[in-house]
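Structure first, then comments.
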Amino acid sequence: MAKPSQRKPLMAGNWKMHHNHFEAIQVVQKLAYRLEADDYENCDVVVCPTLICLRSVQTVIESDRMTIGLGAQNCHFEEKGAFTGEVSAPMLAKMNVGFVIVGHSERREMFGETDDIVAKKTRAVLAAGMTPIVCCGETLEEREAEQTNDKVTTQIKAAFLGIKADDVGACVVAYEPIWAIGTGKTATSEDANATIGVIRKVLREMVGPIADTIRILYGGSVKPSNVGELMAMPEIDGALVGGASLDPDDFAKIVRFKR
Ligand code: 13P
């Protein structure tokens with residue numbers, strides 16, 4: 001089954017806590033060098049460096065007129081205030097950041113981000129005019145207990161509760177089974193497709209047909225060798241890529257999954 005044409009594939013590289021600003025500049029330049037106009041026509045490309053590298057990468061993207069989008073890995077939900085060490089959504093927007101990853105499992109597990117915080121961040125990112133990439137996914141224990149669908153349903157309902165349908169329609173969702181992140185284990189493309197189908201059904205129940213325009217990405221050990229199979233699935237609209245996005249050769253191959 002073909003994907004509805006309005007859902008242009010999106011490949012987003014989550015660099016996590018890798019690459020200092022010199023390396024980040026080099027990687028984005030090498031990536032741009034490897035990609036051609038056709039690639040950007042087939043697929044949107046986004047890189048999400050660490051906060052400290054955003055300004056350097058933004059400058060390179062803009063001065064070299066690259067077609068690569070800029071994303072942040074996190075932000076605070078308040079606009080400003082006494083929140084030592086935090087950065088707000090309007091500050092990111094001012095730097096032409098277009099996407100913000102919200103509720104990544106590493107932030108939920110290691111930095112205490114609850115569904116409530118994820119919901120507040122989703123609203124803050126939208127209010128600042130950027131696109132949230134809202135993450136959800138189950139642990140291995142939850143998967144083995146057959147709680148995957150319940151877990152993602154709860155997370156999605158919480159993240160988008162009370163947000164206008166049009167705004168939800170402007171979001172990106174990433175399904176990242178926690179057991180597949182950085183482990184080399186990938187969900188089978190059929191399993192990933194099925195869970196993403198569940199996520200889309202929940203979104204449809206919440207906001208109606210606009211849910212069919214939302215891009216839902218798969219994340220978890222995506223690499224050049226498995227991206228084609230994942231992208232052949234009707235529900236999978238792209239990937240949120242960790243490890244393999246650090247290498248511009250590998251990430252370019254992922255972006256060119258069709259070739
Ligand atoms: P890996 O691609 O390294 O498994 O990471 C996935 C991820 O967490 C992207 O956000």
Side-chain angles (χ1 to χ4, degrees), residues 9-19 23-24 27-28 31 43-51 53-54 57 68-75 97-111 113 118 121-122 125 130-140 142-143 148 151-152 155-156 159 171-189 191-193 195-196 199 215-231 233 236-257:
L10 167 65
M11 296 298 172
N14 174 8
W15 291 354
K16 306 191 180 181
M17 201 169 71
H18 294 282
H19 292 329
E23 293 160 341
V27 170
V28 79
L31 178 64
C43 183
D44 286 337
V45 184
V46 172
V47 292
C48 305
T50 60
L51 278 175
C53 297
L54 281 173
V57 174
I68 296 175
L70 185 61
Q73 300 172 18
N74 182 34
C75 70
V97 168
F99 297 81
V100 184
I101 299 172
V102 176
H104 191 281
S105 61
E106 285 152 17
R107 298 217 53 88
R108 292 179 191 256
E109 292 204 320
M110 292 186 250
F111 302 98
E113 276 190 22
V118 172
K121 290 189 176 188
T122 303
V125 171
M130 298 178 290
T131 303
I133 301 178
V134 177
C135 301
C136 63
E138 81 286 2
T139 62
L140 187 57
E142 287 161 344
R143 183 169 197 85
T148 299
K151 176 71 179 287
V152 296
Q155 288 178 319
I156 292 296
C171 293
V172 172
V173 171
Y175 165 57
E176 300 202 308
I178 296 168
W179 50 270
I181 295 177
T183 58
K185 292 184 193 149
T186 330
T188 65
S189 38
D191 281 353
N193 189 63
T195 306
I196 290 178
I199 293 168
R215 291 185 287 189
I216 309 184
L217 317 181
Y218 168 78
S221 299
V222 175
K223 31 189 191 284
S225 59
N226 60 20
V227 67
E229 189 190 319
L230 289 160
M231 290 304 291
M233 291 289 136
I236 303 180
D237 301 321
L240 185 55
V241 187
S245 73
L246 298 175
D247 179 316
D249 286 317
D250 280 351
F251 195 44
K253 284 183 195 151
I254 289 172
V255 170
R256 306 175 118 185
F257 66 94

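Just so you know, ligand 1 is whichever comes first in the structure, and atom 1 is the first atom listed for that ligand.
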Rounded to the nearest 0.5 Å, what separation is found between the [atom1] atom of [X] and the [atom2] atom of [Y]?
| X | Y | atom1 | atom2 | value |
| --- | --- | --- | --- | --- |
| Ile101 | Lys121 | CD1 | NZ | 11.5 Å |
| Trp179 | Glu138 | CH2 | CD | 6.5 Å |
| Thr195 | Tyr175 | OG1 | OH | 4.0 Å |

Give the minimum heavy-atom separation between [X] and [Y], together with the two atoms involved.
| X | Y | answer |
| --- | --- | --- |
| Gly137 | Ile178 | O-CD1, 3.9 Å |
| Tyr218 | Ala187 | OH-N, 3.1 Å |
| His104 | Ile181 | CE1-CD1, 4.2 Å |

Pairwise, report which nitrogen or oxygen atoms of ligand 1 are under 3.5 angstrom from protein nitrogen or oxygen atoms, and how far apart they are.
| unit_1 | atom_1 | unit_2 | atom_2 | d |
| --- | --- | --- | --- | --- |
| ligand 1 | 2 (O) | Ser221 | N | 3.4 |
| ligand 1 | 2 (O) | Gly242 | N | 2.9 |
| ligand 1 | 3 (O) | Gly243 | N | 2.8 |
| ligand 1 | 4 (O) | Gly182 | N | 2.6 |
| ligand 1 | 4 (O) | Ser221 | N | 2.7 |
| ligand 1 | 5 (O) | Lys16 | NZ | 3.3 |
| ligand 1 | 8 (O) | Lys16 | NZ | 2.8 |
| ligand 1 | 8 (O) | His104 | NE2 | 2.8 |
| ligand 1 | 8 (O) | Glu176 | OE1 | 3.4 |
| ligand 1 | 10 (O) | Asn14 | ND2 | 3.0 |
| ligand 1 | 10 (O) | His104 | NE2 | 2.9 |
| ligand 1 | 10 (O) | Glu176 | OE1 | 3.2 |
| ligand 1 | 10 (O) | Glu176 | OE2 | 2.9 |

